[in-house]
K.L.:
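Can you keep this structure in mind? I'll have questions shortly.
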Amino acid sequence: MATTTRGNWGSKIGFILAASGSAVGLGNIWRFPYTAGENGGALFVFFYLVSILLIAWPVLIAEASLGRFTGKNPVGAFKALRPKGQWKLVGYLGVITGIMILSFYSMIAGWTLGYFFRAITGKFSTISGANARRVFEGFTGDTFLQLLLLGIFILMTVYVVSRGVSSGIEKFAKVLMPGLFIIMIFLLIRSLTLEGASKGLAFYLNPDFSKLSPRVIIDAMGQAFFSLSLGMGAMITYGSYLKKDENLPSATSWVAFFDTFIAIMAGFIIFPAIFSQGMDPAGGPGLVFEILPVIFAKMPGGGVFGSLFFLLLCIAALTSTVSLLEVASAYCIDEKKWSRKKSALVMAGITFIFGIPSVLSYSNIKFFKALPLIKTSFFGLQDKLWTTFALSIGAFFIAIFVGYIWKSANALKEITRGTQKFKYALIWSISVKFLSPLLIILVLVMSIF
Ligand code: PHE
């Protein structure tokens, strides 16, 4: 069980902040808008919200309760409840998925770092909708710079993780959230008042059901898991540091609410601006990095806002990368008995190596830009493989494990430990046993055809 030597969150608000720190990150501000843009806007948003409510929320509670009950990393958690059998493989899958996501996530986080330096040195003042893409491509095409940024970002993550749970992670999370939110409000106002903003709003808010396809649904579900840091044990690990007497349903529901709110808000910033500048909403992973500098250039004090924004986004990314590395590190600490520092460093080294081909996806080496046969870039493949598939498969098995192996009645005892009652106990049990796993399988199977 969780002991104080292993580390605990200082307070409930500590858990909420740190878990939202994990959840809120590039997933909300970078990935959500471009994935929505590629999938027809409002229709995607609709399925995203449905996925959060019906599929992701039950899994979030399942993960956190599993973590708090066992006090372990994902591998240890499965082992603790089922020492025999292969359930621990789900934990291993989580550790590997975490490292893989971290490898390309850190590259994007490196972009935010680079954009922070560009903003602070006034490089954005001349950016417009017409040249935004060229500027972005020039930046990501500089392989040496990209590797440097990737390395710096991974080292920053190692630094926080090696300082330990409450002294490191929690402190970072506490300073970040409100600041990022305030700048987003300014951005929102600027974007909504740009000429032609309403076309963007229509794209974002009026679903066009004729565009319905399995891809929209699977991308929405994958995004829901990614955004809430589910399916790979991050919330098992963070739950393991949650104190026993705290109200788990309310803490986790706040996390889901914050995360969804920030993502939806990011869409309200990005799409009006994209349409007002005549840019393509399906512009891919560069979308946010192309449009935001344009908004800043059109804002009084844009240089200051821009620098602050990218700095805070960088920290938001950091609290997410910390949770990705924490899973693999907690595994090495608990199961391999390594020191925290060694665990973080070794895992970070592996991460960097896997990050290199993702960086090369933006170089002029054709192989990485368009892999043979599949024709997507290495980065595109990584993102699809680990975000959409590995997280969904992980979430499926976590739901099955909690629903049938550990049993939902036992899980409910843990869930309600710090609270008198859990209003949605019945709905949650049904979701975790039937609804969530069935929908995940359905969507995965659909995506194959
Ligand atoms: N949820 C994070 C984000 O939205 C990314 C993440 C995924 C973190 C999976 C941990 C685990 O940016």
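Counting starts at 1 for both ligands and their atoms, following the listed order. Quick note: residue numbers are just sequence positions, from 1.
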K.L.:
Does ligand 1 have a heavy atom under 4.0 Å from the side chain of Ser323, from its backbone, from both, or from neither?
P.N.:
side chain
K.L.:
As an exercise, identify every atom of ligand 1 less than 4.0 angstrom from a heavy atom of Ala23.
P.N.:
1 (N), 2 (C), 3 (C), 4 (O), 12 (O)
K.L.:
May I ask which of Ser22, Gly233, Gly231, Gly27 has a heavy atom nearer to atom 2 (C) of ligand 1 than the others do?
P.N.:
Ser22
K.L.:
Under a 4.0 Å threshold between the charged nitrogen and the carboxylate oxygen, would Glu246 count as salt-bridged to Arg417?
P.N.:
no
K.L.:
Find all atoms of ligand 1 within a distance of less than 4.0 Å from any non-hydrogen atom belonging to Met232, and give their numbers and elements.
P.N.:
9 (C), 11 (C)
K.L.:
At less than 4.0 angstrom from any non-hydrogen atom of Ser227, what atoms of ligand 1 do you find?
P.N.:
1 (N), 4 (O)
K.L.:
Take every heavy atom of Phe32, measure it against each atom of ligand 1, and state whether any distance is under 4.0 Å.
P.N.:
no
K.L.:
Taking atom types as modelled, is there a side-chain donor on Trp406 or Glu414 under 3.5 Å from an acceptor on the other?
P.N.:
no
K.L.:
Please step through ring-ring contact (aromatic ring centres under 6.0 Å, His included) for the pair Tyr115 and Phe124, ending with a clear verdict.
P.N.:
CA-CA 9 Å; Tyr115 267 54; Phe124 287 158; 5.3 Å; yes
K.L.:
Ser229 and side chain to side chain donor-acceptor pair (under 3.5 Å): which single residue from Ser22, Ser323, Ser320 fits?
P.N.:
Ser22
K.L.:
Within the distance-only criterion (no hydrogens, no angle test), does the side chain of Asn39 pair as donor or acceptor with the backbone N or O of Thr35 below 3.5 angstrom?
P.N.:
yes
K.L.:
Please confirm whether Ser229 comes within less than 3.5 Å of ligand 1 when only nitrogen or oxygen atoms on both sides are compared.
P.N.:
yes
K.L.:
For a ring pair (Phe, Tyr, Trp, His ring centres under 6.0 Å) with Trp111, tell me which candidate from Tyr362, Phe153, Phe310 qualifies.
P.N.:
Tyr362
K.L.:
Pick, from Trp30, Phe225, Phe226, Tyr105, the option with the minimum heavy-atom distance to atom 12 (O) of ligand 1.
P.N.:
Tyr105
